[in-house]
Amino acid sequence: MDRRVFLGSLAGLLAAPLAAEGQQPSTTMSRIALLTDLAWEPLREGLRDLGYTEGKNIVFELRRSEGRSERWPALAAELVRLKVDVIVTQGTPATLAAKRATTTIPIVMVGTGDPLTTGLVASLPQPRGNVTGSTQLGAGLATKRLEILRETVPNLSHVAFLWNPANPDQTSHFHEVQTGARSLNVAFQSAEARNREELEQALTAVMRERPSALLMTADSVHQRIIDQILTFASKNRLPAMYQLKENVERGGLMSYGANLADLLRRAAAYVDKILKGTKPADLPVEQPTTFELAINLKTAKALGLTIPPSLLQRADEVIQ
């Protein structure tokens, strides 16, 4: 089963046919900056569906931090100097860097955490400024992920939370997981990792305490080294809950969250409208209203876990 994520706050604005009002993309070459460490093919697909052809009426400028968040400000400044037409960002650190680098170039954020607490927008319906886009509300789902883990792992008593304190969005995740663990009477362990070097130290510390399960976010630094995290969980037979379905497709046990590919695809509608003259301040920020549960049964079997039938029935995708 694979239910598509339905995104609610732009129902009246972006749910119309994506090539709005029958307008055709301009024949002028538009330069789109991509500030991300993740794959962006769904965005490209969305723009192709809207009539944009790379090299004909659109060109991309891709910049990656290579897992080094401290590089985002310099990369954002470089894109501003290129006088790009739109900057598309993924995650809070990259978006904050872009916002600090320019107040005039439109910025379309994809899959950030809460853009209000981090100051990216003034409000969701009326962002003001030059930033709009989508949030995946990751922190708001932390307790739900813990509840799903408790259904999956018999006698769940201790959970380790892997997070990046250098990411401004992660603090809200940390506090909610800590509160959720307390409410479920589950011991909580913080595992901090700002980069690959700290990750090795954090994972070593995790296994010294032998938690019942591991919980992590979609932090872009951690996603750059996700294979190392997946290998660690498998080698130590540690059940892990992820935020992104893509992690489960690569061998993780389960995930619960918004569909990142859909968020990227829908970002094309923002880019299209901005290139046709709409101001970012007039485009409300999208919020997911439904989320996907993905389960990898092969990984569950390797961990010696039996997934409850009730949980399988609720799953949007089950990987055999």
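- One finds the OG1 atom of T53 at 10.5 Å from the CG atom of L47 (value rounded to the nearest 0.5 Å).
- Between N195 and R68, some side-chain heavy-atom pair lies under the 4.5 Å cut-off.
- Within 6.0 Å of CD in Q126 there are 12 or fewer heavy atoms belonging to other residues, nucleotides or ligands.
- Contact record, L214 with I229: CD2-CG2, 4.4 Å, taken as the closest heavy-atom pair.
- In this structure, the side chains of N57 and T28 stay at 4.5 Å or more apart for every pair of heavy atoms.
- Under the 3.5 Å distance criterion, with hydrogens and angles disregarded, no donor-acceptor pair is assigned to the side chains of S220 and D37.
- For the pair T152 and L305, the minimum side-chain heavy-atom distance is below 4.5 Å.
- Between the CG atom of D227 and the CZ atom of R250 there is a distance of 4.0 Å, given to the nearest 0.5 Å.
- In summary, K279 and D282 do not engage in a salt bridge, as defined by a charged side-chain N under 4.0 Å from a carboxylate O.
- Considering all non-hydrogen atoms of both residues, L264 and P42 come closest at CB-CB, 3.7 Å.
- When ring centroids are compared, Y52 and F60 stay outside the 6.0 Å threshold.
- In this structure the side chain of I107 reaches within 4.5 angstrom of the side chain of T102, judged on heavy atoms.
- Pairing each heavy atom of G119 with each of K99, the nearest pair is O-CE, 3.2 Å.
- Nearest heavy-atom pair across G252 and T299 is O-OG1, 3.8 Å.
- N164 and Q170 share no side-chain donor-acceptor pair at under 3.5 Å.
- Contact record, V86 with V271: CG1-CG2, 4.4 Å, taken as the closest heavy-atom pair.
- Contact of the K245 side chain with the L260 side chain is not registered, since no non-hydrogen atoms from C-beta on lie closer than 4.5 Å.
- Separation of atoms CD (Q178) and CD (Q189) is listed at 12.5 Å; rounding is to 0.5 Å.
- Side-chain contact between V248 and L253: absent, with no pair of heavy atoms (C-beta onward) separated by less than 4.5 Å.
- Exactly one of D169, N167, T112, L120 qualifies for a side-chain contact (heavy atoms from CB on, under 4.5 Å) with L96. That residue is L120.
- Counting heavy atoms from C-beta outward, V177 and S190 have side chains that stay 4.5 Å or more apart.
- The minimum heavy-atom distance between T89 and A94, with the atom names listed, is CG2-O, 4.0 Å.
- The OG atom of S255 sits 9.0 Å away from the CD1 atom of I295 when rounded to the nearest 0.5 Å.
- Between T179 and E176 the shortest side-chain heavy-atom distance does not fall below 4.5 Å.
- Ion pairing between a basic and an acidic side chain is recognised when a charged N comes within 4.0 Å of a carboxylate O; D272 and K276 show such pairing.
- Using modelled atom types, no side-chain atom of E78 and backbone atom of A74 make a donor-acceptor pair closer than 3.5 Å.
- Interatomic distance, OG1 of T135 versus CG of L263, reported as 8.5 Å (0.5 Å rounding).
- Note on ring orientation: taking the six-membered ring where Trp is involved, the planes of F174 and F188 are perpendicular (angle over 60°, cut-offs 30° and 60°).
- In this structure, the separation between CE on M216 and CG on L244 is 8.0 Å, given to the nearest 0.5 Å.
- The closest donor-acceptor contact from the side chain of T117 to the backbone of D114 lies under 3.5 Å.
- For the 3.5 Å distance criterion, the side chains of N259 and Q136 fail to qualify, holding no donor opposite an acceptor.
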